[in-house]
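Structure first, then comments.
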Amino acid sequence: MPPQDILRRIFGYDAFRGPQQAIIDHVIGGGDALVLMPTGGGKSLCYQVPAIARQQAGHGTTIVVSPLIALMHDQVGALHEAGVEAAFLNSSLSGEEAAAVEKRLLRGELTLLYAAPERVTTPRFLAQLDALAERGQLALFAIDEAHCVSQWGHDFRPEYRALTVLHERYPGVPRIALTATADALTREDIVERLQLEQARQFVSSFDRPNIRYTIVEKKEPLAQLLRFIEREHPDDAGVVYCQSRKRVEETSAALVDAGLKSLPYHAGLPPETRQDNQNRFLREEGIVMVATIAFGMGIDKPDVRFVAHLDMPKNIEGYYQETGRAGRDGAAADAWMAYGLQDVVNQRRMIDESPAGEDFKQVMRGKLDALLALAEATDCRRVRLLGYFGEPSGPCGNCDNCLNPPAVWDGTDAARKLLSTIYRVHAASGLTFGTGHVMDIVRGKETEKVLQFGHEKLSTFGLGKEYTEAQLRGVLRQLLATGAVGLHKVALENGHSFDTLSLTEGSRAVLKGEVPVLLRESTAATPVKRSRRGTVTAPAAQELGVDEQVHYINLKSWRAEVARAHNLPAYVIFHDATLAEIARRRPQSLEDLQGISGIGAKKLEAYGAEVLRVVAEGN
């Protein structure tokens, strides 16, 4: 069956998007491919359609390497709904269930088999692949979330490195590696580690124009988050990322106290609790998941309307990957982040204290600097974000800086006074001090600590009385971001430690006035001028008339019942856009349902009569 027919008959779509057609044709023809495509861009079809086509041509089963149990479950469930023979092998199966899947694999009954990288490289699994290869029944290897193979990526997993065995052992089987996030360095590492030097690379635009990027200065982060959700997304599903497990728990509890539906997710929770919370997030509407970065990879929920960060990620790749979980359905969504000086300090410290080599640390510092530059930017966020991935663009008109251009002030004088103070306190006592103490000196505050060390006598004492604490923090943030100020850890006798400031090689140019320090005015309390977008009705249904809305609501209720019965997220049965189109057309026959996007032959057969019944009852 030609790829176009597979797309229409099995998946219910009329046309491929972007480079999908070229990728699919290349892989069906036996070529290797490295695919970089943004979240929501349709990566899964790039290997699912070739898997079906190659299986129909007699090439056997496609092995999909996937890192997450939840993703495997939902992908296989969606394929079953479309009428495709698929299965997974992971720790959620009993020994008996796993043995049954292995028998189906060896009998050639599966079009796709999903498995984790650590399972794929075991002697037992490789022996089964050997048996298939001997019969010419290995169609394709699809390596999802391929950035996990790279030490430079934001989610490095050592077990991915062992996947080189697939090319070495089965050189005649084509491979497709896919990821939503990889800068040039990570891309090179993927090619080298997976031996994809001869693979054709398909790089889509990284732009997600439906996502609005907003970054604010962190003052009262929880209050800021609540204002954002209540103003923009009071009834919407969203994800809030926090750095620590404790912060996750506290934030989720605060959202619940504020009347929102919220659940926590982090690695410290019992596995069954994590799974239950994730299932509820995927299957229910309007839940805000508060999580560490342990949550999110492979989450296919299309109607996440916002992703918020209460703490700064490690790099732009992580930020892009996490924010990309919003608006997978193409409707308007928000990426909101609050960040502050302590975020910079924490991220710098984690890099400096890691056991990695200096070369690795230097790369990580560069990645962090790029994210800090994005946060401090006064020009278009999207231009900065896309530029990091090597994609030129123009102002987007849909980020906070474009919608509400920030005022800029010259912080060069304040920077020089801060650096001079750091130098003088060390020269006077041989000691280094933290940010608060240095700012107190510059602002002329006679605190107990200032008086204890006699720092009120320094020549820089009170030279910056005109600056607010927020302004000086902003200056220090940028000095840390550019490396003009370093961090030095001081250990205390009680086993604790604290960070102090020190001069670096980069300090000299700022002190001499050779490098200007331009900063944005504080925007923590400045609302972006925009219309409220939080809505009870899904974006796909907002243009429906009153009668059509009734049909849409009835269809959603029916879909929820079916999803519960099948133990699948509702969107796996039908997407909101599909239900909205049904409500708009009000079909009277199975023939009327044909051609509606998202309704393939198997779904038409399985649900067509029921859909017509629900529509008729609403007339």
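Sequence positions, counted from 1, serve as the residue numbers for this chain.
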Do [X] and [Y] sit within salt-bridge range, that is, some charged N less than 4.0 Å from a carboxylate O?
| X | Y | result |
| --- | --- | --- |
| Asp369 | Arg348 | yes |
| Arg585 | Asp592 | no |
| Lys301 | Asp303 | yes |
| Lys246 | Glu249 | no |
| Asp329 | Arg305 | yes |
| Asp311 | Lys218 | yes |
| Lys602 | Glu605 | no |

Can you name the nearest heavy-atom pair linking [X] to [Y], along with the distance?
| X | Y | value |
| --- | --- | --- |
| Lys314 | Leu371 | C-CD2, 4.2 Å |
| Pro38 | Lys43 | O-NZ, 3.9 Å |
| Arg247 | Pro221 | NH2-CG, 3.5 Å |
| Leu593 | Val611 | CD2-CG1, 4.0 Å |
| Gly238 | Phe281 | O-CE1, 3.5 Å |
| Tyr241 | Phe295 | OH-O, 3.0 Å |

Flag, side chain of Asp183 to backbone of Tyr388, donor-acceptor distance under 3.5 Å =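 Absent.
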Check: Ala331 main-chain N/O paired with Asn210 side-chain donor or acceptor under 3.5 Å |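 Present.
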When rounded to the nearest 0.5 angstrom, what distance separates NE2 in His309 from CD1 in Ile293?
->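 It is 9.5 Å, given to the nearest 0.5 Å.
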Write out all pairs satisfying side-chain hydrogen bond (donor to acceptor under 3.5 Å, both in side chains) with one or both partners inside residues 560-569, taking only residues at least two apart or from two chains.
->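 For residues 560-569: Glu81-His566.
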Parallel, tilted or perpendicular: which fits the ring planes of Tyr319 and Tyr213, with parallel below 30° and perpendicular above 60°?
->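 Aromatic pair Tyr319/Tyr213 classed tilted.
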Please table the atom pairs, donor to acceptor, closer than 3.5 Å between any side-chain atom in residues 64-79 and protein atoms at least two apart or in another chain.
from: Gln75; atom 1: OE1; to: Gln48; atom 2: NE2; distance (Å): 2.8
from: Gln75; atom 1: OE1; to: Tyr114; atom 2: OH; distance (Å): 3.3

Indicate whether the side chain of Asp343 and that of Gln347 have a donor and an acceptor atom separated by less than 3.5 Å.
->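 Looking only at side-chain atoms, Gln347 and Asp343 do not form any donor-acceptor pair under 3.5 Å.
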